[in-house]
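Scroll down for the structure; my scribbles are underneath it.
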There are 2 protein chains.
Amino acid sequence: MSGNGEETLGTIDRAATISEVAALAGVSPGTASKALNGRGALRPETRRRVQEAAEQLGFVANAAARSLQAGRTYTVGMITTDSIGRFSIPLLIGAEDALGAGQVSVFLCDARDDPIREQYYLRTLLGRQVDGIIVTGRRTQARPPIGRSLPVPVVYAFISSTDPADCSVVPDEADGARRAIEHLLAIGRRRIAHVTGPEHHHSATVRASAAMQAISSAGLEPAAPVLFGEWSEAWGRQAAGILLSTEAEVDAVFCGSDQIARGLAEALQESGRPVPNDIALVGFDNWDVMVDGCRPALTSIDMDLEGIGRTAAELLLAAINGDPAHGRRALPGRLIPRASTAVHPA
Amino acid sequence: MSGNGEETLGTIDRAATISEVAALAGVSPGTASKALNGRGALRPETRRRVQEAAEQLGFVANAAARSLQAGRTYTVGMITTDSIGRFSIPLLIGAEDALGAGQVSVFLCDARDDPIREQYYLRTLLGRQVDGIIVTGRRTQARPPIGRSLPVPVVYAFISSTDPADCSVVPDEADGARRAIEHLLAIGRRRIAHVTGPEHHHSATVRASAAMQAISSAGLEPAAPVLFGEWSEAWGRQAAGILLSTEAEVDAVFCGSDQIARGLAEALQESGRPVPNDIALVGFDNWDVMVDGCRPALTSIDMDLEGIGRTAAELLLAAINGDPAHGRRALPGRLIPRASTAVHPA
DNA sequence: AGCGTCAGGGCAATCGTTTTCCTTCTGTTT
DNA sequence: AAACAGAAGGAAAACGATTGCCCTGACGCT
């Protein structure tokens, strides 16, 4: 719009090659390469001339040519084994964060929980000579390795591999559950119940047993046996009914997910049991739309998914650079206190 | 596990080259290439021999080498201008769907609403010689083109470009709003109100004016002036109070988002105005967690984001193949009826 | 003056695939 | 039997960037 033809990146019609840059600067392609990459012994003036020529032509090195000769693509693949969803996004963002800083790009593949697609994508990624692969997916339990003795390093994020030699980064769910219980104890609650997802779901059982243990460690009994169900608001509402129909005298509920907690909160309030005064509530996931939409706003455990993505990416970079890590790393979560466990509710 | 060393993709330690395949098959690299790509005139037996050799070595063609010579990378970039979120995911899935079938991979870049990052990613993508770029982002209003006369085609998805020569694929929000109103009219409602997001938000005003127009076309008046606020449950609850405090006699509310509708639903029920008997409710977005979590389940407008992503990808592929499209394409949405507008509620 | 040294920069190989010519050989036709 | 057509496959260039090696001057030293 300003009238000249040199706005940022505006006038590139086709990619310029380094030979064209070299010609414009009056040097050979090899010299131009050295000038732009800061190698070789060149007069400062030559270097500058080449840089100016590159600027003028909007030169960006052809990544294919570069990786062909370098044997590295500065690219990693990310395979989400189940569909890209609420959990994958923060992981992706975290990973992108760690990788983007190092000029590494991410190929995202959605395997949709289909092993065929997964193998297909794996081949594709290997064909594209990615430098490494991050495997992620909703966590039910450890998954079999995506392949054996692959030519590139692999890091599992959020989900973990059954092979202990593989590198996995996962949330410390037991730790999260403990934090929830400890928080409830700290605000003076003593009759704590736990409502969570399906019993066959790994996360549900891990969180449940850690919660029960934390209660025992405090010298208490759970106010009710663990209620396993689904990861839904509907189940939360249903569970509220169950808890209230018993003589359990519950004064706090730790829920296996924010959705469950939200359903519970609604049902409790409707039954005239105010939250948090009568019953305090802690959720799990710290899912913004749930914790904010819930009334009162929901105290929850944040698994730091971005941190997991970032850590996985960092470990992958280290592995690419020849320093592979092994085993499972469990990252601690945080408890985010909100009104549902407020001591002096507004 | 089966004892031999040939499980799927299990034993690749380093990528085999086509020369190795050729050597194993006893032919030249050129011939091997022809055999694997189905060109040239080769004896069927030779072709088979090469294919077997490739299989045996787990050969996957080096994409860098291939694109270097082909001048195409079979890769497209996807830049989300605001953070990857609820809207970007279905778009991404739709795009991946259309592209994956054609063996094209997607580079995902999250520009986080930062123009600097955006330009940086653009450069990166161009350096990687992507064949095309899809630009997406939360929709407020048309955005300036990401660059001018770029060396590769660009398609805007969900968001649109201010340059009419650019190709944009967007939801037809006015159409969606009309469908909502027509549905409410069809179930016999006559006093319809509209509650939506901020007035400065393009989507809010487009939906609002289309809704008002649809009401007028039916020879009716809106039951209340449009209530502009935020895209939140809290605003929905607040708006319910406003509507009930007037003498408006509302019998249906069309909401600009599912979140608003859910807040409204809660507040209405608490005030003893059952949904849908007293007041019917239609949301917008068809966001699973909202429409299912809402009680009663929420009728909503689905913008078919996956379809938008898929269409954008198809148009991009066409443009890459030399057949560029121009202008704005608005895709119709669908109304998904649920209990909140049921004629005979359960 | 002659030799050595080093800065500066050009040359050419290299990465792995594809593709365009060629060459060779077989079989057919006149 | 000679000539030709076609099939089958090999040789080599090309894609674009990088890099090790070599060449050419200029300068300094004896």
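Computed from a predicted model, the values in this text were never measured in an experiment. Chain letters run A, B, ... following the sequence lines, proteins first, then strands; residues in each count from 1.
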Under the 3.5 angstrom rule, does the side chain of A:Gln119 hit a backbone N or O of A:Ile146 as a donor-acceptor pair?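 Yes.
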Under 3.5 Å donor-acceptor, B:Ser67 side chain and B:Ala63 backbone: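 Yes.
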What are the bounds, 5' to 3', of the part of DNA chain D that sits under 4.0 Å from heavy atoms of chain B?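 Range of nucleotides touched by chain B: D:dA8 to D:dG16.
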What residues in residues 42-54 of chain A put a non-hydrogen atom under 4.0 Å from any atom of DNA chain C? A:Leu42, A:Arg43, A:Thr46
So for the helix from C:dA1-D:dT30 to C:dT30-D:dA1, with five pairs setting each end axis, what is the inter-axis angle to 10°? 70°
Enumerate donor-acceptor pairs with a distance under 3.5 Å from any side-chain N or O in residues 311-325 of chain B to protein atoms, sequence neighbours excluded.
{"from": "B:Thr311", "atom 1": "OG1", "to": "B:Gly307", "atom 2": "O", "distance (Å)": "2.7"}
{"from": "B:Asn321", "atom 1": "OD1", "to": "B:Arg72", "atom 2": "NH1", "distance (Å)": "3.4"}
{"from": "B:Asn321", "atom 1": "ND2", "to": "B:Leu317", "atom 2": "O", "distance (Å)": "3.1"}

Decide yes or no on side-chain contact (heavy atoms from CB on, under 4.5 Å) for A:Thr75 and B:Phe107, but give the supporting numbers first. CA-CA 9 Å; A:Thr75 296; B:Phe107 270 125; 3.9 Å; yes
Which pairs with one or both residues in residues 86-102 of chain A pass side chain to side chain donor-acceptor pair (under 3.5 Å), sequence neighbours excluded?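 Qualifying pairs, neighbours excluded: A:Glu96-B:Tyr121, A:Asp97-B:Arg112.
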Filter on side chain to side chain donor-acceptor pair (under 3.5 Å), then keep only pairs touching residues 153-165 of chain B, sequence neighbours left out; what's left? B:Ser161-B:Asp166
With sequence neighbours left out, write down each residue that passes side chain to side chain contact (heavy atoms under 4.5 Å, CB included) with B:Leu24, or none if nothing qualifies. B:Ala53, B:Gln56, B:Leu57
What range of DNA chain C does chain B touch, first nucleotide to last, counting atoms under 4.0 Å from its heavy atoms? C:dG16 to C:dT20
Listed partners of A:Arg143 passing salt bridge (Lys or Arg N to Asp or Glu O under 4.0 Å), at least two apart: A:Glu118
Going by the rule salt bridge (Lys or Arg N to Asp or Glu O under 4.0 Å), which residues pair with A:Glu52 if we only count those two or more places apart in sequence or in a different chain? A:Arg48
Distance-only criterion, 3.5 Å: show the donor-acceptor pairs between side-chain atoms of residues 26-33 of chain B and protein atoms not counting sequence neighbours.
{"from": "B:Ser28", "atom 1": "OG", "to": "B:Thr31", "atom 2": "N", "distance (Å)": "3.3"}
{"from": "B:Ser28", "atom 1": "OG", "to": "B:Thr31", "atom 2": "OG1", "distance (Å)": "3.1"}
{"from": "B:Ser33", "atom 1": "OG", "to": "B:Asn37", "atom 2": "ND2", "distance (Å)": "3.4"}

side-chain hydrogen bond (donor to acceptor under 3.5 Å, both in side chains) partners of B:Arg66, counting only residues at least two apart: none
Does the side chain of A:Arg128 come under 3.5 Å of the side chain of A:Thr73 through a donor N or O and an acceptor N or O? no
What is the nucleic acid contact for B:Ala41, judged by heavy atoms within less than 4.0 Å: base, sugar-phosphate only, or nothing?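 Since a base atom lies under 4.0 Å of B:Ala41, the category is base.
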